[in-house]
Amino acid sequence: MARLAKIFGVLVGLIVVVVGAGFVLPSAVHVERDIVINAQPAEIFALIDDFHNWENWSPWANIDPDATMTIEGSGVGQIMHWSSEDPKVGNGSQEIIAMDAPNTLTTHLDFGDMGVADATFALTSEDDGTHVVWSLDSDSREQVPLLQQPISTYFGFFMDSMMGGDYETGLQNIKSLAES
């Protein structure tokens, strides 16, 4: 019986350490992918500066054909809301918060209880085209309920591998559109 109590105590101790670490481990999340596109920055920027164009290249646009999407406004302040029962798409909103045509576009994403993030497209002219960098930055505990923060912190460590492929697909889709 004493051995069972000791094993139980060790397990409880491990759980406390793992959960506690989730509150103090780094919460910064950064995902980044890039590509060189054989087109001028202005041509590429025209594909990303209006949410109405995103369905043409977004890696998430075709996952759930039943998803609902609304777009309000234009330019800085334009907002896209989406709702889907597919967990790969989920629910949320995205707002254009900064735009320096044709060099940068920054959006703020709000995934409700799943947190918030900022995504940036940076376009730089190069001899062989335009270097496009698409990045996402987030604090995995920001706007996440207290009891979900440890899980969110650990989840943040996997964001690059979870979203990186989607970013690569999106950039490849933009490349195909811009070069056609």
Answer yes or no: are there more than 12 heavy-atom neighbours, outside Glu85 itself, under 6.0 Å from its atom CD? no
Applying salt bridge (charged side-chain N to carboxylate O under 4.0 Å, His left out), can you list everything that pairs with Glu32, at least two apart in sequence or on another chain? none
Where do Met163 and Trp60 come nearest, in terms of heavy atoms and distance? CE-CZ2, 4.3 Å
Quick check: closest heavy atoms across Thr104 and Phe45, and the distance to 0.1 Å? O-CE1, 3.4 Å
According to a 4.5 Å side-chain heavy-atom criterion applied to Ile, Leu, Val, Met, Phe, Trp and Tyr, with indirect links allowed, do Leu171 and Val133 form part of one hydrophobic cluster? no
Are more than 12 heavy atoms from other residues, nucleotides or ligands located less than 6.0 Å from atom CG of Asn62? no
Pairwise ring pair (Phe, Tyr, Trp, His ring centres under 6.0 Å) hits with a residue in residues 87-112, at least two apart: none
Do Ile151 and Leu146 sit in one hydrophobic cluster, given that two such residues count as connected whenever their side-chain heavy atoms are within less than 4.5 Å of each other, even indirectly? no
Minimum heavy-atom distance Leu105-Ile48, with the two atoms named: CD2-O, 3.1 Å
Is the shortest heavy-atom distance from the side chain of Thr107 to the side chain of Phe51 under 4.5 Å? yes
Under 3.5 Å, is there a donor-acceptor pair between the side chain of Asn91 and the main chain of Ser84? yes
As an exercise, state the distance from CD1 of Ile174 to OG1 of Thr130, rounded to the nearest 0.5 Å. 12.0 Å
One pair to check against side chain to side chain contact (heavy atoms under 4.5 Å, CB included): Asn103 and Leu123. What are the steps and the verdict? CA-CA 5 Å; Asn103 302 310; Leu123 289 72; 5.6 Å; no
Any donor-acceptor pair under 3.5 Å from Glu43 side chain to Gln40 backbone: yes
Closest non-hydrogen contact found for Trp134 with Pro59 is CH2-CD, 4.2 Å
Output yes when a side-chain donor or acceptor of Gln78 lies under 3.5 Å from a complementary backbone atom of Gly73, and no otherwise. yes
Find the distance between OG (Ser135) and NE2 (His30) and round it off to the nearest 0.5 Å. 5.0 Å
Euclidean distance, Leu47 CG relative to Lys175 NZ, rounded to 0.5 Å: 13.0 Å
Main-chain N/O of Val89 paired with Trp82 side-chain donor or acceptor, under 3.5 Å: yes
Are the side chain of Asp118 and the backbone N or O of Thr106 linked by a donor-acceptor pair below 3.5 Å? no
Measure the acute angle between the ring planes of Phe121 and Trp57, then classify it against the limits of 30° and 60° as parallel, tilted or perpendicular. perpendicular
For Glu179 and Asn38, the nearest pair of non-hydrogen atoms, with its separation, is OE2-N, 2.7 Å
Heavy-atom pair with the smallest gap, counting every atom of Asp64 and Asp66: OD1-N, 2.9 Å
For the pair Ser180 (side chain) and Ser176 (backbone), establish whether a donor and an acceptor sit closer than 3.5 Å, ignoring hydrogens and angles. yes
Is any NZ, NE, NH1 or NH2 atom of the basic residue among Lys88 and Asp166 found under 4.0 Å from an Asp or Glu carboxylate oxygen of the other? no
Verify the cluster assignment for Ile96 and Val116: are they in a single hydrophobic cluster under the rule of side-chain heavy atoms below 4.5 Å apart? no
Is there a continuous path of hydrophobic side-chain contacts, each under 4.5 Å between heavy atoms, that joins Met162 to Val29? yes
Taking the side chain as everything from C-beta on, heavy atoms only, tell me whether Glu72 gets closer than 4.5 Å to His81. yes
Would you say the side-chain atoms of Ser58 pair up with the backbone N or O of Glu55, donor to acceptor, closer than 3.5 Å? no
